[in-house]
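Here the structure is laid out as structure tokens; the discussion comes afterwards.
A note on names: the letters A, B, ... follow the listed sequences, proteins ahead of strands, and every chain is numbered from 1.
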Amino acid sequence: MAFEKDLNIDATELRLGLPGTSEESEKQTSPSLRPNKRALPDMNEESVSSDSNVTAAIKKSDQETAPPTKAQVVGWPPIRSYRKNCLQQKKTEAEIAGIYVKVSMDGAPYLRKIDLKVYKGYPELLKALEDMFKFKVGEYSEREGYNGSEFVPTYEDKDGDWMLVGDVPWEMFTNSCKRLRIMKGSEAKGLGCVV
Amino acid sequence: MESSELKGGKDSQISDELSELRMESSELKKAKDSPISDESNRRSSFPDEVLERVISLLNSHRDRSSVSLVCKDWYNMERWSRTHIFIGNCYSVSPEIVARRFPKIRSLTLKGKPRFSDFNLVPQNWGADVHAWLVVFAAKYPFLEELRLKRMTISDASLEFLALSFPNFKALSLLSCDGFSTNGLAAIATHCKNLTELDIHENDIDDKGGGWLSCFPESFTSLEVLNFANMTSDINFDALERLISRCKSVRVLKVNRSISLEQLQRLLANAPQLTELGTGSFTQELAQRQYEELESAFNNCKNIHTLSGLWEVKGLYLPALYPVSTHLTFLNLSYAVLQSDELAKLLVHCPQLRRLWVLDTVEDKGLEAVGSNCPLLEELRVFPADPFDEEIVHGVTEAGFVAVSYGCPRLHYVLYFCRQMTNAAVATVVQNCPDFTHFRLCIMTPGQPDYLTNEPMDEAFGAVVKTCTKLQRLSVSGYLTDLTFEYIGTYAKNLETLSVAFAGSSDWGMQCVLGGCPKLRKLEIRDCPFGNAALLSGLEKYESMRSLWMSACNVTMNGCRLLAREMPRLNVEVMKEEGSDDDGRADKVYVYRSIAGQRRDAPSSVLTL
């Protein structure tokens, strides 16, 4: 069965901080004193691909406690145009060639990205996830889901439903998986069996 | 030529031509009339021929500059024997002045736009067009042999003009330039009968196809250096193969991604004398026999010390490189997506490495392998594979940096892109490697503090400048207060180049640097709270520097006007943004010394005050 569509948004929120840091002690990474800035217009539309030049409109304010800009600043990080264009090209090519999905784990501050095409089946995939996030997944059974671990690998499919990894044949999985999420603890309980 | 500096090595960091070119003015006369000149006359009653011979052996620009300031005789002997001229800012001097002083130039190195143009901070039509130089040189130096340009604009018409005007032309090197297409390269290939070097590296080139390479005539055999690694179009492989086999002196060959492994093997079979190789695409389904042939080809190349390329590398085929790896001193993997274990396996075979460039896909584990296997390492550059995607974590952390420093005590050049860093880690690194001359650390999120203590990164850079007394170049990042700049001004007595972004608390920071770093030549600043007071505190200083760049700071038009008025020998240029109201802010300011006066080719968006 599809799981709760009501995801605990906070648990999947991108935060900066060590794994296990609670939300209350979430750290601001920038000082209250920010350099005065203003919007930097895009000077060179032709030479830069659209992906990377969203200008940051950073407000002038002495009380500014803005989080690090998620929008991108012109010319930052300082990488030569040539190299930047190369990377964009590589990314596009890779995305065409592979099946890249983001993987998040509850409690981990950063996402990872993997190419599903690289794996031949669930055992390989699960092993890779275990290595990547340093956890152990439980024993899988069709009836009971994952037993023996507080971590449960789930994925969001094309329809927006959250499914347990392993329930559908591998091919169907790679074709429909949009992103992976390794749930933890109480969330994981009650994900029960999938019919 | 993989280094991001033009060839000329140390020479390119030498002080600018301005100090010697100032002899054009009354100083010349003073030297002649002063009592000192009697002494110097006595000293140079040394036969002229001997003196000339000695001076002609000098290569360093600094040495030549010093020599030319001794007295008029020495000045003249120096200027008549100089064959290579390096100009760090094409607008600091005019081609006419150069031609008047140095009659025998055969090699020219010119740098144009401010460095931040590499990051799209300079408008497209800003200037630095080389054509005016070529026109003067065609008349004054018809025997010109070498032209090396960095951040200049050069058109196809200029390339053709170059190819037709200089019958002895031998070496063309274009790095980070723009304005030309492959048609210009075709003109060079067609007309330069004595060409030895064609080095086209990381330019904004309009790649219209690979036909240019087929323009080298069948009679052409003098090629020694060919680098077209960063060009995208397919070239005619047969033409390349024939070219390489008839040019027996080829020692540097860097091909582009269109060249497959099988084709690479054929090229290597024809050129076992290569010293520098840039491979093409390192992925292809190879049969066992083909793989063995590749390995054998590498085995025959006993002289390769520099390796790059490795586009789309398949870890599986890296062992083919092992025969070459043992004598590699420079390995550029900055376009090769390698994982940590793949790198580790390769590095076991690279004990002689001095310079290593990698992508951060190798992660900290990969850097641990660097520390374990490359004790002679002097230079490390770690580039980000995914710099613009903040959600994804790849990359290296402070742990990798520290691991390298333990294993590589000779490290003196680092460029490190990361997403997290600590003060303690940097302090450890410089304790292990106190000989840094170039320390460029880029914490990719602007204004990010020490991620463990949440403190500013002031102490990190404090440790760098206190410990590394030979430091010449520094790039800072992270959350920094004025304290960082106090440290820099107090301790960085050999610092020549400083890059600052999203840092500092007040004018005081910049004032510390301007007041404290006696050897400062290039200062580039963006997005910092430095204003007019800071700008104007450097009045006296800017004439001893090559240039100052300030963008998105708190400098106003009035401040710039004041600077321009007080210092007539400086060019103060302000780049105006499209459609910005004249609210008095000077968003992008570029200040440089010049004996050529205001430039006359500035576009309308650039205001010279």
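Among Phe388(B), Phe502(B), Phe119(B), the one residue that satisfies the ring-ring contact (aromatic ring centres under 6.0 Å, His included) test with Trp76(A) is Phe502(B).
With rounding to the nearest 0.5 angstrom, the CG atom of Asn120(B) is 4.5 Å from the NZ atom of Lys84(A). Of the inter-residue distances, the one linking Tyr82(A) atom OH with Asn203(B) atom CG reads 10.0 Å to the nearest 0.5 angstrom. The distance from the CZ atom of Arg83(A) to the CG atom of Leu359(B) is 6.5 Å, given to the nearest 0.5 Å. In this structure, CG in Asp204(B) is found 8.0 Å from CG in Asn85(A), a value given to the nearest 0.5 Å.
In this structure, chain A has heavy atoms under 4.5 Å from both the backbone and the side chain of Pro384(B). The part of Ser176(B) that comes within reach of chain A is its side chain, from C-beta onward, which places non-hydrogen atoms under 4.5 angstrom from that chain. Residue Phe417(B) touches chain A through its side chain alone, counting heavy-atom pairs closer than 4.5 Å. The part of Phe383(B) that comes within reach of chain A is its side chain, from C-beta onward, which places non-hydrogen atoms under 4.5 angstrom from that chain.
Of all non-hydrogen atoms in Asp118(B) and Arg80(A), the two that sit nearest each other are OD2-NE, 3.1 Å. Scanning all heavy atoms of the two residues, the minimum distance from Pro77(A) to Met444(B) falls at CG-SD, 3.8 Å. The shortest non-hydrogen separation linking Arg526(B) to Gly75(A) is NH1-O, 3.2 Å.
Under a cut-off of 6.0 angstrom, the local environment of CH2 in Trp170(A) is crowded, with over 12 non-hydrogen atoms contributed by other residues, nucleotides or ligands.
Residues forming a salt bridge (charged side-chain N to carboxylate O under 4.0 Å, His left out) with Glu524(B) (at least two apart in sequence, or on another chain): Arg115(B).
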